[in-house]
Each structure stands twice: as C-alpha cells, then as structure tokens.
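One structure below.
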Amino acid sequence: MHADPNGVLTGVHFLDGDHACCEGTLAAGARFAAGYPITPSTEVVERFAWRIPTVGGIFIQMEDELAASIAIQGAVWGGAKAFTVTSGPGFSLMMEHIGYAAITETPCVFVNVQRGGPSTGLPTLPAQADMMQAKWGSHGDYSIIALCPNSPQECFDLTVTGFNLAEEFRVPVMMMLDECVGHMTEKVVIPEAGQIAITPRRFTYKSPAEFRLFEPREDLVPDMVKAGDGYRFHVTGLTHDERGYPSMNVETQDRLVRRMRDKLKPFANGRAVFEAENLDDAEVVVVSYGITSRVAQRATQMARAQGVRAGKFRIISAWPFPEQHIRELAGRVKAFVFPELNLGQMVHEVERCAAGRAKVISVPHAGGSVHKPEVILQAILEAAR
Amino acid sequence: MQRGLTKLGLTEIRIAGFGGQGVILAATVIGKAAAIFEGGYATMTQSFGPEARGGSSAAQVILSGEPILYPYVTQPDILVVMSQEAYTVFAPQLKPGGILIVEQELVRIDHPPQGVRFYGVPATRLAEELGRKVVLNIVMVGFFAAVTHMLDPDSLRQAVADSVPPAMQKLNLQAFDKGFEYGAELVQRLAENGDAEPLLLETES
C-alpha cells in the first residue's frame with residue numbers, strides 16, 4: 001500500500017528535524033496527534049496543528065503528557081494512526097501509558113526529542129540520555145522499537161518506517177531524536193506518495209462471532225478491530241486472555257508476556273536497521289547512534305587517515321538492540337568505541353553482547369553539545385594500541 | 001552548479017543580532033540557496049535560550065560541497081552581525097583571514113579585529129528607503145552575496161522568493177537587490193582604489 005497523497009508534501013525542502021518528522025507522520029498516514037508543548041519537541045505538533053486542517057484529521061493540545069499519551073491510544077482503537085511528541089520531562093510522565101500501549105498492543109508512535117536531563121535539565125540543548133528509559137521506563141516486562149535518526153531527512157524517512165513497524169508488530173515505537181537533530185535544518189526530499197510504502201493496519205477477516213481480540217496469528221501478532229465495526233471488545237491493562245478479558249493466573253501471564261517479547265525476535269536479528277562501513281578489515285569499530293553517529297563518522301575518517309583500521313557500526317534501530325551484529329563483530333575485532341551523549345547507556349548493551357571477547361570503550365558526554373571529533377579519535381587511537 | 005561551494009570547501013557562517021531582526025530567516029535563505037538551488041550541502045543550527053522572545057539571536061550555517069558531519073560552527077569563516085552585543089560576543093571567534101560583515105549603523109567598532117576583511121552596510125536605512133525596516137535581514141543577505149561571491153545571486157534570489165509569503169516576495173527581492181547593489185558598488189570602489197583586499201572602513205559614530 002502507498003501513502004495517501006493528501007498528506008505527502010512532495011518536493012525538495014529546507015526543513016528542521018522536528019518539521020521533517022511531522023511531515024513523516026503525515027506521509028505515514030497519521031491523522032490524529034495529541035500533545036503538550038515542550039522544548040525542543042513542540043515544532044513537530046505545531047506544524048501538525050497547522051497542516052492537519054488541510055489534510056483532514058485532528059490535533060488536540062491536551063492538559064498534560066499523561067492525557068496526550070492515552071488520547072492517542074483511544075484514537076488508534078477508533079481506527080486512526082496516531083502519535084504524540086515530547087521531551088525528557090514529558091517522556092517521564094508518559095511512562096505509565098507506554099506500558100499500557102505495550103500490554104494492549106496498541107500501534108502508536110512516541111516522538112522524544114531528547115534534551116539534557118535529569119528533570120528539566122537543559123531545555124534547549126541535546127542529549128541522548130533517555131535511551132534506557134525508552135526501553136525500561138515503564139514497569140513490567142515489555143518490548144518496544146526505538147529508532148534514532150541523525151538528520152532531518154531521516155526524521156522524515158524513519159518516522160514513516162516507525163509508523164509501519166508499529167502496525168506490523170503492534171508495539172509502541174519510540175522516535176528517539178535529540179535537540180540537535182530536531183532543530184537542525186537541512187535539505188529534505190519528500191518523494192511522491194506512490195513511492196512511499198505504507199503498512200496498513202491488519203484488521204481481522206473473522207466475523208464478530210469467531211473473532212478473539214488477542215488471538216495471535218502465526219507471527220505472534222493479533223489482528224485488530226476498530227470501534228464501530230460491530231465487534232464487541234474489551235481493552236485492558238490487566239493481564240488478559242486471548243478474548244481480552246482479565247485473567248489473573250500464572251499461565252496467562254506467562255503466555256502473554258512471553259509472546260509480547262517473542263513477537264519482536266525477528267526484528268532483533270535480521271530486521272535490525274543499521275549502517276556499516278569499513279567493517280571488513282576493522283580492528284576498532286565505532287558504535288554510535290543519532291547525532292553522535294555523524295561526529296563519530298568524522299572521527300572514524302580521521303583515524304583511517306592516520307592508518308588505523310577503524311570501522312563504523314551505526315545503530316538506527318536501538319531497540320530491540322541489534323545484538324546479533326555486535327556478537328558477530330566481537331568475535332573478530334579488537335575493540336568497540338562507543339561515544340554517546342550520556343554517561344554510558346547503550347554501551348552496556350555492547351558490553352553484554354561482546355561478553356569479554358573485545359574491549360569496549362565508552363566515550364561519555366553529559367550532554368548540552370556533541371563530542372568533539374578529536375575526543376572520539378583519541379579513544380579510537382587508544383583502542384587500536 | 002556547485003562553483004562557489006566546491007571552490008571554498010567547508011565554510012562556516014554565523015549570523016547574529018537581536019531577536020526579531022530576521023537572523024534565522026537570513027540564515028535559512030543562505031542555506032536554502034546552497035542546498036536546494038546550487039546542489040551543495042547546508043546545515044543550519046540556531047542558538048537561543050529558554051526565553052520565548054527578545055534578547056539575542058544567532059544562527060549558524062555550514063556550507064559544503066560534501067555531506068556535513070559535524071553539525072556546529074566552531075570558528076566561523078564569515079560573521080554577519082546586526083547588533084552591538086552580537087559583535088562583542090562573536091567577533092573574537094572569527095577565523096583569522098575571515099570576513100566580518102556588520103550593520104554599520106547598529107554596530108560601533110572602536111577596535112576592529114586584526115587580520116580580517118571587513119565590510120559595513122547601513123542595512124536598516126536601506127530597508128527603510130524601501131518603506132519597511134523589517135526587510136533589513138534580506139538587505140544583509142544581498143550585501144553578503146555581493147561581497148563574498150560564494151553563491152550565485154540568482155540562487156539566493158530564488159531562495160528569498162521561496163522563503164517568504166507570496167505577498168512579500170516583491171519587497172524582499174527589492175531588498176535583496178538593494179543590498180546586493182550596495183555591496184557590488186563598494187567592492188568596485190575598493191578595487192578602483194587599488195585595494196585588492198578591502199581595507200577596514202571607518203564606521204560613522
């Protein structure tokens with residue numbers, strides 16, 4: 001299926017990452033957004049509120065982030081594609097409803113334009129310190145997908161991908177931008193609607209009599225229904241059986257929680273999204289994501305110029321973590337160097353996957369800017385020694 | 001066409017002034033001209049504090065013939081300033097041999113930085129002559145085009161037209177041309193005086 005031309009602003013534009021992300025939501029088919037303004041993410045929904053009357057859809061500025069993050073889920077069960085947008089403090093407030101989206105398998109998108117934290121931190125400056133929160137911030141065992149664009153162009157492209165993945169796996173998808181990418185303006189090419197692939201919602205083909213709300217298909221993902229189509233259904237945050245009714249026992253809990261994890265297994269391995277360069281002969285691999293991946297690439301080029309066999313592994317889908325690739329690399333490289341705009345978060349995943357087979361060197365930065373390429377270069381040179 | 005961009009390699013530009021002077025739009029026009037109308041690369045970032053409006057405003061544009069990796073300006077090759085405060089804060093960071101462009105009636109310079117090329121333009125007054133002070137930023141862009149020769153003036157004109165509402169296009173294009181002509185005359189005058197490298201100009205105080 002292709003994008004609805006109504007929402008696609010085909011052409012060559014000079015857009016910041018927030019605005020490009022908004023265009024991505026519209027191209028992906030989002031026709032409902034709810035949000036509460038917060039720097040540096042507000043421009044995403046500001047543009048959506050401006051664009052949506054001509055496209056046809058709804059934007060609601062809610063009373064807070066809790067309301068925004070649950071309003072979008074109501075819209076999804078009403079048949080819409082929907083998202084909300086926030087930054088650190090608001091992301092913290094949304095955690096309860098991220099868990100709700102996970103257990104109710106509500107396909108929706110949370111855009112987090114990360115800023116320095118904790119708490120209100122650095123409103124206008126970048127960080128990448130919500131990466132673990134994106135995965136573990138709500139209570140209980142659950143799985144999400146997180147994508148990390150590093151340019152306004154990718155804010156468009158990956159937002160479309162994010163909506164598609166949300167539908168395919170029925171999970172909340174986290175778009176993990178950062179202030180730098182969100183507020184950076186570059187050329188953005190938006191293709192014709194006919195060239196943008198869209199994953200439609202997989203509605204059930206069963207009759208209301210035979211339909212069961214959480215009966216998984218062979219891919220472990222259940223089909224959906226929407227309100228008003230004649231199906232009686234009950235959506236709850238309580239542990240539920242395949243009919244959707246609360247069922248408080250060990251067997252149901254085990255089946256539900258394991259299935260929610262297992263349905264993302266294909267994504268963790270073969271489906272992981274990443275960029276790799278010069279890995280064939282690499283002795284040091286620089287792992288990075290988001291804005292840091294651009295600076296890391298510069299450092300990798302500088303290292304190559306100095307004769308160090310440095311390679312690049314840029315994580316685009318941070319969750320599920322691309323563990324298969326890191327495990328494979330760990331068996332043949334000397335070291336991983338991992339710069340990120342936090343004091344060491346995703347680097348723990350690399351350490352876990354490397355399991356002592358390669359050195360893992362964290363290059364932390366508390367946020368507020370990006371690394372100087374020279375700092376990453378220094379770590380690469382030390383790793384190569 | 002990438003003539004200017006390829007020739008100059010990676011060029012860092014900072015534009016700074018008061019909030020409300022159109023600093024961001026000026027940077028947008030330059031970035032758009034390079035990235036869209038000349039087929040090069042441009043990355044624009046802005047710096048601002050948590051306050052909603054007022055105070056100082058600065059925008060940074062990096063232009064290059066190659067993809068731009070590091071997103072921030074570290075030591076600008078070109079500094080365009082439209083307020084005294086912006087001059088005080090940013091002038092010391094200008095690269096040696098760089099270009100300093102000032103709104104000469106808003107910025108008083110007692111001790112010009114050494115070793116830079118300096119150009120002044122009364123952009124606010126030129127904009128007022130067009131009837132609207134608000135287009136001073138586009139006058140500055142036109143002047144920038146004439147004195148730096150980095151970008152094709154037609155690319156910049158297209159970018160101006162593309163960046164303002166249709167009803168404002170004519171006025172903004174006039175503003176661009178006004179700044180461009182002022183800059184072109186200045187460059188010619190300096191050349192006639194035998195100043196291959198333009199000298200520091202006296203600013204009126």
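Excluded from the calculations below are hydrogen atoms, water molecules and symmetry mates; all remaining heavy atoms, backbone and side chain alike, are included. Order of the sequence lines fixes the chain letters, A, B, ..., with proteins taken first and strands second; residue numbering starts at 1 for each chain.
You'll find the side chain of A/C180 reaches within 4.5 Å of the side chain of B/Y72, heavy atoms only. Using a 4.5 Å cut-off on side-chain heavy atoms (C-beta onward), A/V181 and B/P71 make no contact.
Shown here is A/Y36, whose OH atom has no more than 12 heavy atoms of other residues, nucleotides or ligands within 6.0 Å. Atom CG of A/D281 is surrounded by more than 12 heavy atoms from other residues, nucleotides or ligands within 6.0 Å. In the displayed structure, B/E85 atom CD is contacted under 6.0 Å by at most 12 heavy atoms of other residues, nucleotides or ligands. Counting non-hydrogen atoms of other residues, nucleotides and ligands closer than 6.0 Å to NZ of B/K133 gives a total of 12 or fewer. Annotation for A/Q61: atom CD counts as buried by contact number, over 12 foreign heavy atoms lying within 6.0 Å.
Using a 4.5 Å cut-off between heavy atoms, A/L122 does not touch chain B at all.
Note that OG1 of A/T185 is 11.5 Å distant from CD of B/Q60, once rounded to the nearest 0.5 Å. Here the straight-line distance linking atom CD1 of B/I62 with atom CD of A/E186 works out to 9.0 Å at 0.5 Å rounding. Note that CD1 of B/I30 is 10.0 Å distant from CZ of A/F14, once rounded to the nearest 0.5 Å.
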For this session: Go through the steps for B/Y70 and A/V370 under the test side chain to side chain contact (heavy atoms under 4.5 Å, CB included), then give the verdict.
Result: CA-CA 9 Å; B/Y70 190 78; A/V370 298; 3.6 Å; yes
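The candidate with the highest count of non-hydrogen atom pairs below 4.5 Å against chain A, out of B/L69, B/T28, B/T45, is B/L69. Contact tally against chain A (heavy-atom pairs below 4.5 Å) for B/I68, B/T74, B/D162, B/V61: the top residue is B/I68.
Scanning all heavy atoms of the two residues, the minimum distance from A/H183 to B/Q46 falls at O-NE2, 4.4 Å.
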